[in-house]
Q: 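To start, I am sharing the structure in question, which I have written as structure tokens.
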Amino acid sequence: MCGIIGYIGKKEASDILIGGLRRLEYRGYDSAGICTVESDDLVTTKCIGKVVELEKNVNKNNHKGSIGIGHTRWATHGIPSNINAHPHYDTKKNFSLIHNGIIENYIPLKKFLEQKGVSFNTQTDSEVLIQFISYIHEKEKTDFFESVRLALKEVVGAYGIVVMHKDYPNTLVAARNGSPLIIGLSKDEKFVSSDVSAVLEHTRNILYLDDGEIILLNQEDYTIKNVLSDRIVSKDIHKIEMSLDKIEKSGFEHFMLKEIYEQPNSIKDSIRGRVRDNKVVLGGIYDKTQDILDADNIYITACGTSWHAAQIGSYIIEELLKKPVKVEYASEFRYRNTPIGPDSVVIAISQSGETADTLAAVKKANEMGSLTLGIVNVVGSSIARETDCGIYMHAGPEIGVASTKAFTSQVVILNMLALYLAEKKGIENTIIEDTIKDLHILGESINEILKLNEKILNIAKKYCNAENFLYLGRGYQFPTALEGALKLKEISYIHAEGYPAAEMKHGPIALIDEKMPVVFIVTPNGYSKILSNIQEVKARGGKIIIITLVDPSEMVDFVDHIIYIENSEKISNSLSPILTSIPLQLLSYHIAVRKGCDVDQPRNLAKSVTVE
Ligand code: G6P
């Protein structure tokens, strides 16, 4: 959460900062701000709201200078307001700071500073940090870089920060602990950012800072040190190949719609090169294959949409490997006394690879001696680097806050993982062969589903004013129902619940009346049972929408709307959520658009949740 960008070079910093913030806005959009150094003075513009608001104010202030920092905020400490917007100053306005994360010991630090006579302007933990850096600077008489380093030694919590000092107009200092930070390098320019998307149009040479590291940057050069030991750290530079159109809307009204339509290709990219001679090949876990097979227990941990994919993954792994798999929310896993150890495998699923809880769950599993396996989309992200082995999703950048193509790629990868392990274990099962065959037809099937868009739009028009929705499915369609409900909640603010269809009788059925739309996901698996569930809703006046892989002729008389995915009845059960989730994505998309909601940046949410 929160996007941060820093620039030092020869160009007008404000232009580069605003451009970067636009790309980072998916990380938070409660407020935005920039600060530049001009004639040995810090000039700041910040305001509540989105980057477009900031732009108007920046133009008024006529920022100059070729060094600056910028921030887009997802509020944690302190309400979204002009005053709480970043960058923050110390009292003397010598330093300026942008921060992503949470300073956990900000209360004792604040009390300490107050006793020393420091007064505070904002409600943020970030201001405490910059005041503390300034205090250390004065007390220890250390230079800019060393003051930041010494202050950070006393800080507990998560941070990605960039700091400027008005008397050092050729220096940026950045540091990371728990929150992502990358450095972009080109000959006479340096960039700091929460992710590569903000610097890609300027440079493709990237350094990834690790936790506990601090960097000093000027136009020509940089030095990285470890915060605690003060030792110099050397690092490899990575070349990013991704093309710019991957992070642009390319004619679509929203990133979310673009990403829904990208799925025939993103799925293919996830599979590409990984199926040879009817066998799945997963290079990223090859060395650890036997350890995974020998493990006593498998945990999968994730948050949000990735957790739904994890549920689907657990079903297919259990089905093929006949081994129990436990799925846990990372936020629970990390604090519970989970019985894991060297005989456990912990699989972490994360689109961003930066979700704080999932990252902490991985660290915990590493400490307990478990083998950790990451299923991650963002190459080089923290979870990718923290895990022992992994499988990249290769779905391409996902910018819309509501996850779509990442979910379907996760389901593909989990299928491939199960198929790979089953084959290595010598398991013979026709499901393996059939599922591998079906992997190849997914792209084409999705293209067909996208042709149902108009039909789904018409259903959305009918139900966009509903106050509640229920999503029901059995087996693999239960986690899919959860995902459908989450999509609707996230972007249209309609209350929605996903349930196993049979569980409806144990509570949600009480909610059903003629105002309640109920989405059923119908597949051949458990078909007759779900028909009964549909009847039960019908008998209570609920409005029934079905997404079905089964020919709907038997259901036409008692359902209100049919979304029929033709020629897919025989798709492998474990891959079916990929097909059925796409109409659900489109349904929530169109409902949200009809309601006038901000689809790509829904209220209160952020794409990458780097706080707990
Ligand atoms: C946020 C996003 C969700 C995402 C979840 C987990 O809540 O809005 O779309 O599913 O984080 O993110 P991850 O990057 O770990 O998959």
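In listed order, ligands and their atoms are each counted from 1.
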Q: Among all protein heavy atoms, pick out the one at the shortest distance from atom 10 (O) of ligand 1; state its residue, atom name and that distance to 0.1 Å.
A: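 Of the protein heavy atoms, Thr305 N, 3.0 Å lies nearest.
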Q: With Glu248 as reference, evaluate Arg23, Lys258, Arg22 under the salt bridge (charged side-chain N to carboxylate O under 4.0 Å, His left out) test and give the passing residue.
A: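 Exactly one candidate clears the test, Arg23.
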Q: Could you tell me if Lys595 sits above the aromatic ring of Tyr493, with its cationic atom closer than 6.0 Å to the ring centre and no more than 45 degrees from the axis?
A: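 So Lys595 doesn't make the cation-pi contact.
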Q: For ligand 1, which atoms have a heavy atom of Ser350 less than 4.0 angstrom away?
A: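 Checking each atom against Ser350, I get 13 (P), 14 (O), 15 (O), 16 (O).
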Q: Against heavy atoms of Ser403, which atoms of ligand 1 measure under 4.0 Å?
A: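 Taking each heavy atom of Ser403 in turn, ligand 1 has 9 (O) under 4.0 Å.
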Q: If you have a sec, work out which protein heavy atom is nearest atom 16 (O) of ligand 1 and how many Å separate them, to one decimal?
A: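 For this ligand atom, the closest protein heavy atom is Ser306 OG, 2.6 Å.
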Q: Going by the closest heavy atom to atom 14 (O) of ligand 1, which one wins out of Pro602, Ala302, Ser352?
A: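 Of the listed residues, Ser352 has the closest heavy atom.
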Q: Does any N/O atom on Val401 come nearer than 3.5 Å to any N/O atom on ligand 1?
A: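 Yes, there is a polar N/O contact under 3.5 Å.
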Q: Quick one: do Arg176 and Asp211 make a salt bridge, cutoff under 4.0 Å?
A: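 So Arg176 pairs with Asp211 through a salt bridge.
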Q: Got a donor-acceptor contact below 3.5 angstrom from the Gln263 side chain to the Ile260 backbone?
A: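 Indeed, once roles are kept as given, a pair shorter than 3.5 Å links the two residues.
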Q: Could Glu259 and Lys405 be called an ion pair, given the rule that one side-chain N must be under 4.0 Å from one carboxylate O?
A: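 No, this pair does not count.
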Q: What protein heavy atom lies closest to atom 7 (O) of ligand 1? Include the residue and the distance to one decimal.
A: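 In this structure, atom 7 (O) of ligand 1 has Val609 CG2, 3.9 Å as its nearest protein heavy atom.
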Q: Could you check Glu367 against Lys364 for salt bridge (Lys or Arg N to Asp or Glu O under 4.0 Å), going step by step and ending with a plain yes or no?
A: CA-CA 5 Å; Glu367 275 161 27; Lys364 172 178 171 170; over 6 Å; no
Q: In the protein, what heavy atom is nearest to atom 6 (C) of ligand 1, and what distance, to one decimal place, separates them?
A: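 Of the protein heavy atoms, Cys303 O, 3.4 Å lies nearest.
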Q: Can any side-chain N or O of Ser409 pair as donor or acceptor with the backbone N or O of Ala406 at less than 3.5 Å?
A: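 No; zero donor-acceptor contacts below 3.5 Å.
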Q: Answer yes or no on whether Lys50 is positioned over the face of Tyr29, meaning its NZ or CZ is under 6.0 Å from the six-membered ring centre and within 45° of the axis.
A: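 Because its charged atom sits under 6.0 Å from the ring centre and within 45° of the axis, Lys50 does stack over Tyr29.
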Q: Hey, does Thr358 come in under 3.5 Å of ligand 1, counting only N/O atoms on both sides?
A: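 No; the residue has no nitrogen or oxygen that sits under 3.5 Å from a nitrogen or oxygen of the ligand.
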Q: Nearest protein heavy-atom contact for atom 8 (O) of ligand 1: which residue, which atom, what distance?
A: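 Scanning the protein heavy atoms, the shortest distance from atom 8 (O) of ligand 1 goes to Ala606 O, 3.2 Å.
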Q: Could you tell me the residue and atom name of the protein heavy atom closest to atom 15 (O) of ligand 1, and the distance to it rounded to 0.1 Å?
A: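 I find the closest protein heavy atom is Thr355 OG1, 2.5 Å.
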